[in-house]
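For reference, the structure is listed below as structure tokens.
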Amino acid sequence: MSLNIKNLTVYYQTLKGDVQALEHANLSIADGEIMGLAGESGCGKTTLSNSLILLKPPMKLISGTVELDGKPLPITDMARMDEYRFKKVSIIPQYAMNAMNPTRKIGKMIEELLHSRRVDYSTLRTELTRRLELVKLSPDILDMYPIELSGGMKQRMVMVLSTLLNPSLLLADEVTSALDVSSQKSVSEMLVEFRKREFVKSVVVITHDISILYQIADSIMIMYAGQLAEKASTETIIHRPLHPYTHLLISSLPKVGVRYAEKRLEGIPGNPPLLLNPPIGCRFRERCPMAFDKCVEEPPFEEIEEGHFVACWKEPKSYAQA
Amino acid sequence: MAKYFRRKLLIYLLTFIIAVTVDWCIPRFMPGNPVDLIISRAGLKGSAVSQMYTFYMQAFGLDQPIWKQYLNFWIAIFHGDLGTSIFLFPSPVTKVILGAVPYDLALLIPAILTSWFAGNNFGAFAARSKRLDNTLLPLGYILTGTPYMWLGIVLAWAFGIAWRIFPIAGGYSFAMRPALTLPFIWSLFQHWFLPFASLFIVQFGGWAIGMRNLIIYELEADYSHYLAALGAPKRLVRKYAFQNAMLPQLTGLALQLGVIVAGALATEVVFSYPGIGYLILQAIHNEDYFLLQGCFLFVVIGVLLANFIIDITYVIVDPRTRAGMQGGAS
Amino acid sequence: MTKGKKRNELLYFAFRNTKLKIGLGVVLFFIVLTFVGPLIAKYNPTDSVGPAGAPPSAQFWFGTTTFGEDVFSQFVHGLSSTFLVGIVGGGLGTILGMTIGFAAGYRGGNLDEVLNVLTNVVLTIPVLALLVVISAYVKVRGVMIESLFIGVTTWPWAARAIRAQTFSLKTRDFVDLARLSGESPVKIIFTEIAPNMASYLFMTFILMFGSAILTAATLDFLGLGPTQGISLGTMMNLAVLWSALMLGMWWWFIPPGIGITAIVGGLYIMNVGLDEIFNPKLREM
Amino acid sequence: MRKSTFLILSFLIVMSMVLAACAPAAVATPITITSAPQVVKETQVVTQVVPATPAPVPLTYARNETLYTSGTQWGPPSSWNPFNGGGYAMGTIGLVYETLYIYDPLADKFIPWLAAQDMKWVDPTTLEIKLRDGITWTDGTPLTADDVLFTYKLADPNGDFKAGLNFAGLYNFLSSIDKVDNLTVDFKFKANPAYQEVGFYLWQTPIVQAASWSKLDVKDITGGANENGIGSGPYLFESHDQDRQVLVRNDNWWGIKAFGKTPGPKRIVDIVNGSNNVALGLVLQGGLDLSNNFLPGVATLVKGGYGVQTYYPEAPYMLSANVAALIINEQIKPLDDVNFRKAMAYAINTDDIVQTAYTGIVKAADPTGLLPIWDKYVDQDMVAKYGWSYDPAKAKQILADAGYKDVNNDKFVENKDGSPIALEVTCPSGWTDWMASIQIISKNAQAVGINMTPAYPDYGPWRDAQLKGTFQLSIQNESQMSSTPWSYYKWVFQNPIANIATAQYGNYGRYDNPKAFDLVNQLNQVKVGDDAAIKAITSQLQEITLTEYPTIPLWYNGLWSQVSNAVWTNWPSSADSANHYLPASWRGYWNMTGIEMLLDLKPAAAQ
């Protein structure tokens, strides 16, 4: 197992109280697995990804442990965690367009970054060039400023940079959302290529665009309001979802492969609960057509069949057939 | 980049033209005739009055049609001729000003640069933690709110009168002749220090606050988060944030120049420092519109030049302007 | 989140922001003093009512001037012209800056080009030098005239800032919507754009307010302030002309300077507090 | 990065310091050259006595050889032309250029200076001036009758130069100036010359060197800077900068032999005034020996152990230099009414002005307006009969009797025709003592029912209103101490009144009284020293001023002077044992005994 998350609960501390952004997450990702992480805005996707790499105030770890490659990841210890960042865990942030220092030449920035991580830039230089060519970037851009690059180029540059030290885990947060359709495709294909070439071991692709996941992800995990709802192989999630929310989410897609714009689920009345003071039990309860008494208790995220995890009290099969 | 400079030059040119025009109006639309004032100051009597009146009207070209006077003014400016001072009759205005300018430069350049650098570094330092931010920065706010001349007088009183550490008037010791000797330079320094300090202190506060605010924004910028996520040490993140925050501070410097010059003028008055500020005040009190005109023009040219230098510096340090993407924004 | 909730949240943070509390506290204190001061000050500020140059005492709280005038009375009366300059000068500067900033930012194109050049030109001319020249023309100056001068020479800074904000706001959906529904540009600016940068405009005003006070103080100090009436700046000017500090009459010279420093410093601190309230990113600091 | 920034910064700072260092040095270079001939000449003289190497100009002046003065220059020294009356550098007349006589106002005495003897009228229209023998210009050439002749002819409206200088008025009654011999000049006048005015010019006109000045163009004579001028006096221009001017003693000065006295200070450094506040600071620091600034806290300084001395050890501390009067525009209602002016005179509490606005360092003026030096001309009977003093009740009575009543119950009286009165009394903005004074005046006036408010325009408009006659009420003090009360009455009754040209002083209110004008002319024709005649005429003039109130004299502005005994002693003072000179470095005052003060200055014993 590459990544093993146990009972991870992370809150945001605000002056009004804790925002319960991630509750009791249990999750494993296998070596070489590309896992898609999907859900509405504010469902905790980014919180999950951030807690794995940059857990800092106002985020606060309430409980849980994370293991990477069999060793515990000191996610709360900013200083010790630095050793793992970039080298073991890396991220392609949501804001990749602005992720590079605007006033530094890209190559210079990489050099300074590597130097600060005590990595020798000169030995990596050839590999960097090779990878740039792989993503169809000329090595000349190392002498350019970020502003001279197009959006897609910046995205690919950040991809190369983030994976330069061959991390075990790559968190790719909305890597495609800012791009046009053709760039989206090539960027997502590159992710697969990176895994193939073992630049990265496993990848978490965070998106609200399930169609992308359908193309590249081995498995998909659906989150709702800070709770894990369902995880299964891509095929299973798309065709045989078990959780009512997954079901509604998938069925609301106009058509697989067509871009899914960020919007609230229209088919389900109501809004996701405010996480400042969320309802106890299943957080989807109030909007769930199948909800019943038991849902006031929090459903466990259980493996129903091999590789298929669901957090729902309802008899899975009956729902699937319903 | 060419577009950027074209725009800049256009603005400078326009500013200069407008400033010169305003300047030209100064003696011409003031109540009273400047030539009357010269004659009255020279203490002339009787028939000599009308004689001299005609003479000076011609000398200043005030007997010509307005449009021609305006044209002549432009020609004169390019010959460095700003007329004759009334209050310091018969000194040419240019000569009077050139005598004062070195003192202004000696005061302004170090005060602007040191306060800018020190203030920025201090602001960046204070932005490090909430505790520093809450303990050190209020000082900055108090300093920026302090009127220059008030601080100057307090300093003059404390260091000049009460403790007698520094002299309070003049450009160098009244017992000295200028020479490139150590005691003389020391004397220059002693006389320069308090005016410099009062300018420095007030500006220091302003830059510190500006930097503090900017650096907090920069530390929250995406690139800072990305660097942190990649495990870059705080030092590197801060360095980048600081360097990037310097850019708006550079623009800020250009914007502040006028205010700083104003502060310097007031400070010079307080310390009887023989710069242009003192001349301007005397020119006003003595109705010396030609001198006022000259001082104003000099200040405008100085500020324009400084702005231009800042613009060039900006292009050098900020790749975005060089990349030609920011053309009109500044 | 609805607007009401947002407002509550702002208030919530406002009540917890020490900087805002301190800054506002200081400024309010002086505002109250401006109104209450003349009631508790026992003397006419320009009347000779006591011994010359008396130190602070129970009778003369801030002592007296060389002419036996009550410094406290002068101080509280001076405050009102100081605030007047701030409100009128800073207000006028903000309004001019808004007008030009909105017009340039919203209309764009040639109008923007022209206004931008104008802004930069006025920005480059040293304001104080200009003010000094203008002031020298006017025979008898009052606080209003002074404020007016300050207002019409200090707007460019605000105009630039507001233009940039308008630029970024005008491409937003809600502005597009308003435009599509055929509303007039003026209406769009005042109903759609301005409210969305209200906090920004307010902070701009506060900064202009503070700088107007400082500018006025400098002018007053140089003897180019109001030829009638009293302000904190003219108090300083008189105290210097009569060598108050040199002769040990610190009570005459120190209070007006502290007053200005406290008001302007208070305004600036308040502004940083407001910034933190309106800008969630900064709240964490 | 940080390091290089620091380096650049330090470089820039050092550069700008050097820049500042170079600039004054550059200014000073020509000055070094100008004083060079002097140094050479000095050695020529000195070598005869002691074989010594030429003394280079020291870089630092020894404190015990240097006199620091202040109070004259308000801007960088710019003119060394003695004919630039309002703007020549400190000491140009008196220390560098000299006059035929100097005048001692305290003793009312003309002291022969370049002239060898007292004024000698060989007949009623011929004045003969004999020069001292052995006077040389600083270039070594002798000062002769030719120079005197040349100087006075400069102003001749029919002469070669027609330079309209101060003393051009002389030609109203001068018929010719003749050289009798190398040291004697005869001034020949038409009938009934104005003796008073002639006397006035004799101690005010600087004698310049014919050889060098005759080469000048007329515009350079009146308006040239004359930077390296050749004088005859006890001091030479040495150097100047933005904030100072340095004079060095002329060790070949004729007076050293003639008077047996050498001026004490080797150098005089005159410091340009920044402000009175800075001047006071310098006094407190011990950096000024003679401050002719108006320093408000004089009592504190004199009594507070600062080692500061004034002419009088007690109030009013200062000698009186000029009279500050309320000038009145007689062309407008109700100021054209003598009774209204009279009421104002009684309404004003001059003592309050003296005590409050001046903290007692000035004296209230005599109702005649004649300065204390002219006390002997004051007709005490006249003053007893017509003189006024602060009496608000009487002021009200006068107004009521004259028909000024409060018609509309606004507590202020209206004009006789019922129209409201709103008067404005002005002084320049920033002239704080006067500002305080006119506040008091307005309050006094309001207290008796005259609606008067103070206003403080800038100097220019304020002055303009006087020249154009558009002001209402104002304070003026132009009429200075001089050798003749004629100068005061000339100021009060300036005639013609229709057009007061820029360069003419006085009667801004356009007070029209042919009798007074005639008396002023008669006064001018009285012989210098004929006190009885002066008294007879001024008595009539006093009657006019005391009954007609063309101006209302209020107080005497002081001859501000603060001296320090730390380095130099034997300053003039009112003490019986001391010298009674005018302790002033102002323009026009060195030749009123200021120079004698310098001759008697002694280094402090401790030095």
Side-chain angles (χ1 to χ4, degrees), chain B residues 30-32 36 39-49 51-52 55 85 87-91 96 99-100 102-103 105-106 109-110 113-114 117 156 160-161 164 168-181 183-185 188-189 192 269 271-272 274 278-279 282 285-287, chain D residues 5 9 12-13 16-17 19-25 27-28 57-61 63 66 68 74-76 78-79 84-87 157 162-166 168-169 219 222-225 239 241-244 269 271-272 274-275 277-278 281-282 284-285 287 430 459-461 464 501-503:
Chain B
M30 283 278 177
D36 282 350
I39 290 168
S40 128
R41 284 205 167 261
L44 300 175
K45 290 262 161 80
S47 60
V49 171
Q51 210 177 318
M52 285 293 116
F55 170 74
S85 166
F87 155 62
L88 299 173
F89 187 81
S91 290
V96 174
Y103 291 101
L105 295 182
I109 294 173
L113 291 180
T114 51
F117 278 98
I161 307 297
R164 304 214 177 179
I168 55 162
Y172 52 94
S173 164
F174 290 112
M176 280 194 177
R177 284 176 66 82
L180 270 179
T181 59
F184 176 71
I185 290 175
L188 266 184
F189 174 78
W192 165 88
V269 172
F271 290 97
S272 282
Y278 177 71
L279 284 182
Q282 290 299 332
H285 288 323
N286 291 284
E287 299 260 295
Chain D
T5 310
L9 201 59
L12 280 167
I13 292 168
S16 49
M17 292 299 296
L19 194 66
C22 290
V27 171
V57 178
L59 290 175
T60 306
Y61 315 132
R63 182 66 182 95
T66 312
Y68 291 94
W74 284 87
S78 62
S79 169
N84 180 359
K162 300 184 186 68
L165 301 170
N166 264 330
K219 77 172 198 315
T222 52
S239 67
D241 202 344
Q242 293 290 112
D243 53 3
R244 74 201 66 194
V269 178
I271 297 171
V272 173
S275 61
N277 183 54
V278 168
L282 286 170
L284 294 177
Q285 279 190 330
Y459 176 82
D464 212 43
T502 348

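- Every side chain to side chain contact (heavy atoms under 4.5 Å, CB included) that Val272(D) has, sequence neighbours left out, goes to Tyr278(B), Gln73(D), Pro77(D).
- For chain D, the nearby part of Thr181(B) is the side chain; its heavy atoms alone come within less than 4.5 Å.
- For the side chain to side chain donor-acceptor pair (under 3.5 Å) test, no residue two or more places apart in sequence or in another chain qualifies with Ser91(B).
- Counting heavy-atom pairs under 4.5 Å between each of Asn277(D), Leu284(D), Thr66(D), Leu282(D) and chain B puts Leu284(D) at the top.
- Counting heavy-atom pairs closer than 4.5 Å to chain D, the top-ranked of the candidates Val96(B), Ile168(B), Leu279(B) is Ile168(B).
- In this structure, chain B has heavy atoms under 4.5 Å from both the backbone and the side chain of Val278(D).
- In this structure, Arg244(D) is positioned above the aromatic face of Tyr172(B), its NZ or CZ under 6.0 Å from the six-membered ring centre and within 45° of the axis.
- With Arg177(B) contributing its side chain and Phe184(B) its backbone, the two residues share no donor-acceptor pair below 3.5 Å.
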